[in-house]
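In this chain, numbering begins with 1 at the start of the sequence shown. In listed order, ligands and their atoms are each counted from 1.
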Amino acid sequence: MSPADVLADLANIYRDLHEHPELAFAEHRTAGIIAEHLTALGYETATGVGGTGVVGVLRNGPGPTALLRADMDALPVQEETGLDYASTARGTARDGSETPVMHACGHDVHVTCLLGAAATLAAERDTWRGTVQLVFQPAEEVGGGAQAMIDDQIFDRFGRPDVVLGQHVGPLPAGLVGLRRGPAFAGADMLHVVMHGRGGHGSRPETTVDPVVMAAATVMRLQTVVSREVAGGESAVVTVGALHAGNAGNVIPERAEMRVSLRSYDPDVRNRLMTSIERIVRAEAAASGAPEEPEVNLQESFPVLVNDPDACARTQAGFDRDLGPGLTVDPGKVTGSEDVGLLATAAGVPLVYWLLGGADPAAFAGVSDRDGLQRVVRELPSNHSAQFAPVIEPTLTTGVKALVSAARTWLPAEGRG
Ligand SMILES: [Zn+2]
Ligand SMILES: [Zn+2]
């Protein structure tokens, strides 16, 4: 396909990707479609980078290198949007079970917009110089994809960029972008906790150590970590998202398991959360007389995403020019997490990562202030919801423009030096 054909076909590319989502590190079909388009557009293309990742490079004379990144993976969610291009796909979850799969986080939007940007930059190559490096990353949702590409020597093989740029679609009005300077997306850690009791008959609790009561007390006590141990001016989230013990009413089980998710914006706060959680888990086990120490294991970890303030200012000036003045807003800190920052940290270069509005602008009719905007945003299906359904336009057009604008901020115009 020519660049013009790709741009004309973007909505179809998006609907096709949406209908065929793939889980982390299983993005084989998606990677194949990306590689085919990039090759046709004249990019040097490599597949299988860090597992299922794809890298496309367009060398266009001497000058800086702008890295543009999109993530490709979907989630184990049963889609309930009712769209005519809704997913009915199934995949294999990490525990080996079969699961429905959905692009509930909009990574299909990211891939489509980056293909659109690839086409635009290729079509306009006589107006800029330098190198464009496109990174289609696997497995953002499980936190391993960026690191896998780094471990696969992405920068030794394809060159070291001067900046890392990217976007995440979310429930802002489509047509807007959200850019936050400094700490922008939370650091996230996922803990797996196992508490050991002593099982027995439900009628004779005195012969047991009940892990259900132990876990219940722990869950309640964990609610005090943020409310009592984090200062008013700091922010953090602790959520016990999974709690499993036993399977019969008259049997006291042997153990209880919990999955706990932490969000923070500051390494000191993060360390305090980790220490407090472990302390409470151990203390509640001791208070119950547990026969064995509990296990607390860190399963996933995303660092805080920090946008470079100077690079943000440069990028925003480009957005004001190319998207229109007033279309870039400060969305505040996002409690979601991202591993794109690892690419910038590994390359030792600034990161600029923005939110791309994907919500139907009609939902915001009559809203004129920030409070109103946030009220509507709270009511819309969020990322990871089975109802998450970005509007195709103006989301795709804005996403392509934003990527091209950001890249061109770093790539000198031909002839201008
Ligand atoms: Zn997500
Ligand atoms: Zn995401």
Side-chain angles (χ1 to χ4, degrees), residues 14 17-18 21-27 30 34 50 52-53 68-81 87 89 91 93-94 99-114 135-149 164-172 174 177-180 184-190 237 239 241 259 261-263 299-305 307 331 333-344 351-359 377 380-390 395-396 399 402-403:
Y14 170 70
L17 291 171
H18 188 84
E22 295 170 301
L23 290 171
F25 288 125
E27 308 92 334
T30 308
I34 292 165
T52 39
L68 299 173
R69 177 271 205 177
D71 42 9
M72 306 187 290
D73 55 322
L75 285 160
V77 171
Q78 172 88 58
E79 178 156 359
E80 291 170 10
T81 59
S87 161
R94 280 198 287 177
T99 172
V101 183
M102 172 189 176
H103 268 300
C105 201
H107 298 185
D108 46 355
V109 173
H110 308 167
V111 169
T112 308
C113 290
L114 191 48
V135 172
F136 292 87
Q137 182 204 302
E140 186 278 329
E141 294 293 354
V142 299
Q147 191 60 49
M149 295 189 92
V164 171
L165 305 165
Q167 60 189 358
H168 204 301
V169 70
L172 281 176
V177 294
L179 182 55
R180 173 86 182 175
F185 284 61
D189 297 279
M190 205 70 73
V237 179
T239 292
R259 291 182 193 275
S261 151
L262 289 60
R263 310 281 161 154
Q299 294 216 302
E300 285 171 20
S301 199
F302 294 78
V304 185
L305 184 153
N307 273 327
K333 286 177 187 164
V334 177
T335 49
S337 301
E338 251 297 338
D339 66 355
V340 64
L342 293 173
L343 295 169
L351 169 70
V352 183
Y353 194 72
W354 59 91
L355 281 180
L356 171 67
V377 166
L380 292 168
S382 67
N383 296 59
H384 292 205
S385 154
Q387 265 113 33
F388 183 69
T395 306
L396 295 183
L403 288 166

Looking at His168, the N, O or S atom sitting nearest the Zn ion (ligand 2) is NE2
Judged by modelled atom types alone, do Ser87 and Glu79 share a side-chain donor-acceptor pair under 3.5 Å? no
query = Do any N or O atoms from the side chain of His103 and from the backbone of His18 form a donor-acceptor pair under 3.5 angstrom?
reply = no
| Plane angle bin for His168 and His110 - parallel if under 30°, tilted between 30 and 60°, otherwise perpendicular | perpendicular
| Strictly under 2.8 Å, is any N, O or S atom of His110 next to the Zn ion (ligand 2)? | no
Note: NE2(His384)-the Zn ion (ligand 1)-OE2(Glu141) angle, rounded to 10 degrees, equals 110°
Atom name of the N, O or S atom of His107 nearest to the Zn ion (ligand 2) is NE2
Exercise for review: Give a yes or no on whether a salt bridge exists between Glu140 and Arg69, defined as a side-chain N under 4.0 angstrom from a carboxylate O.
Suggested key: no
